[in-house]
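Following: one structure in structure tokens, then a few remarks.
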Amino acid sequence: MKMANPLRGEVLTLYKNLLYVGREYPKGADYFKRRLKAAFLKNKDVKDPEKIRELIARGEFVIKELEALYFLRKYRAMKQRYHLEDDKTK
Amino acid sequence: MAELRALVGVKRVIDYAVKIRVKPDKTGVVTDGVKHSMNPFCEIAVEEAVRLKEKKLVKEVIAVSCGPKQCQETIRTALAMGADRGIHVEVPESEAEQLGPLQVSRVLAALAQKEKAGLVLLGKQAIDDDCNQTGQMTAAMLDWPQGTFASKLSLEGDKLTVEREIDGGLETIRLKLPAVVTADLRLNEPRYATLPNIMKAKKKKIEVVKPGDLGVDTSSRISVLSVEDPPQRTAGLKVETSEDLVARLKEAGHV
């Protein structure tokens, strides 16, 4: 039997965390889920631990980017609704 | 060294990104099967409390929410952001509609005293009813000073300096603790409640109490007569020439 990759747990955690963040994705959770799955499947044959770590880091970067995206989206919505006097020029 | 305890109010509201639909019988808005989340201004209040704790100016952060059982999810989010424990003031769904700023401020005031909180941090208003009254009323119930619409907050000993967003500028005031502060949009950038933190938050305690246990009567004397959609914006029209434009404006009585 094949030994499980020691990074397997980390990859699964990343996938779960991405799935969770993706629930709020503007284009819908389903859209995000499909893209996410495709992205992970594309790299399923990567064996080199160095390379896997690199990919995990990329996934974590995507989470940070999504959090920033959600923050900005919410901030803009609130600003538009409650600080109208600030940007009448818009 | 820091003995200060902060009480943060969090409200569960319909998510800001959801398109609100009014019920056909005009008694309210559709909430069944609609995504809910923490009121954005409450997130800002939680973040500020957690930052004060990280600076070791606050000993403990308590997140409070009033309403039906689902409010515990909102408290959980606050715990994931860094609050230490939660209090859920349970009001059954059938009576939750009666909860207005007056009732909630009574609950918050009672809890602030029970928990010996020195700082009550709230969002300036909720995005569902847009009342902007709970903080002010809570301060009045406790007879504490208030710093509303805070865009900056600094704490030194028992003195609190609050920069407030007012029409056309900023106002800086100094308050003596205990005090009530309500958060405006620019106070901070709230952190995201990540999945690992939500999981960790499940270990934190949420105490469930009834308004009656706090000696608070939540009956309301306000009855909602009708809830309606805002008027639809009518379509614009294109004009060919400036004469045409002037004629149209005259017709509409603008010139």
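Each chain gets a letter, A, B and so on, in the order its sequence line appears, and its residues count up from 1. Every heavy atom of this structure was used, including side-chain atoms; hydrogens, water molecules and symmetry mates were not.
- Atom CD1 of B:Ile222 sits in a sparse spot, with 12 or fewer heavy atoms from other residues, nucleotides or ligands closer than 6.0 Å.
- Between B:Ala193 and A:Tyr20, the closest heavy-atom pair is O-CE2, 3.6 Å.
- If you take NZ on A:Lys79 and CZ on B:Arg186, they are separated by 6.0 Å, rounding to the nearest 0.5 Å.
- For B:Lys35, the NZ atom counts as densely surrounded, since its 6.0 Å shell holds more than 12 non-hydrogen atoms of other residues, nucleotides or ligands.
- Using a 30° and 60° split on the angle between ring planes, A:Tyr70 and B:Tyr192 fall in the tilted class, from 30° to 60°.
- To the nearest 0.5 Å, atoms CZ (B:Phe41) and CE (A:Met78) are separated by 6.0 Å.
- Counting non-hydrogen atoms of neighbouring residues, nucleotides and ligands closer than 6.0 angstrom, the CD atom of B:Glu97 reaches no more than 12 such neighbours.
- Contact of B:Asp184 with chain A is made through the side chain alone, with heavy-atom distances under 4.5 Å.
- Shown here for A:Tyr82 and B:Ala126, the closest heavy-atom pair between the two residues is OH-O, 4.1 Å.
- The neighbour count for B:Lys26 NZ, taken as heavy atoms of other residues, nucleotides or ligands under 6.0 Å away, does not exceed 12.
- Counting heavy-atom pairs closer than 4.5 Å to chain A, the top residue among B:Leu185, B:Ile44, B:Asp130 is B:Leu185.
- The CD1 atom of B:Ile127 sits 6.0 Å away from the CZ atom of A:Arg81 when rounded to the nearest 0.5 Å.
- The distance from atom CG of A:Asn17 to atom CD1 of B:Ile198, rounded to the nearest 0.5 Å, is 11.0 Å.
- Other residues, nucleotides and ligands place no more than 12 heavy atoms under 6.0 Å from the CD atom of A:Glu50.
- For B:Lys204, the NZ atom sits in a packed shell: over 12 heavy atoms of surrounding residues, nucleotides or ligands are nearer than 6.0 Å.
- Put simply, CD on A:Glu67 and CD on B:Glu189 are 12.5 Å apart, with the number rounded to the nearest 0.5 Å.
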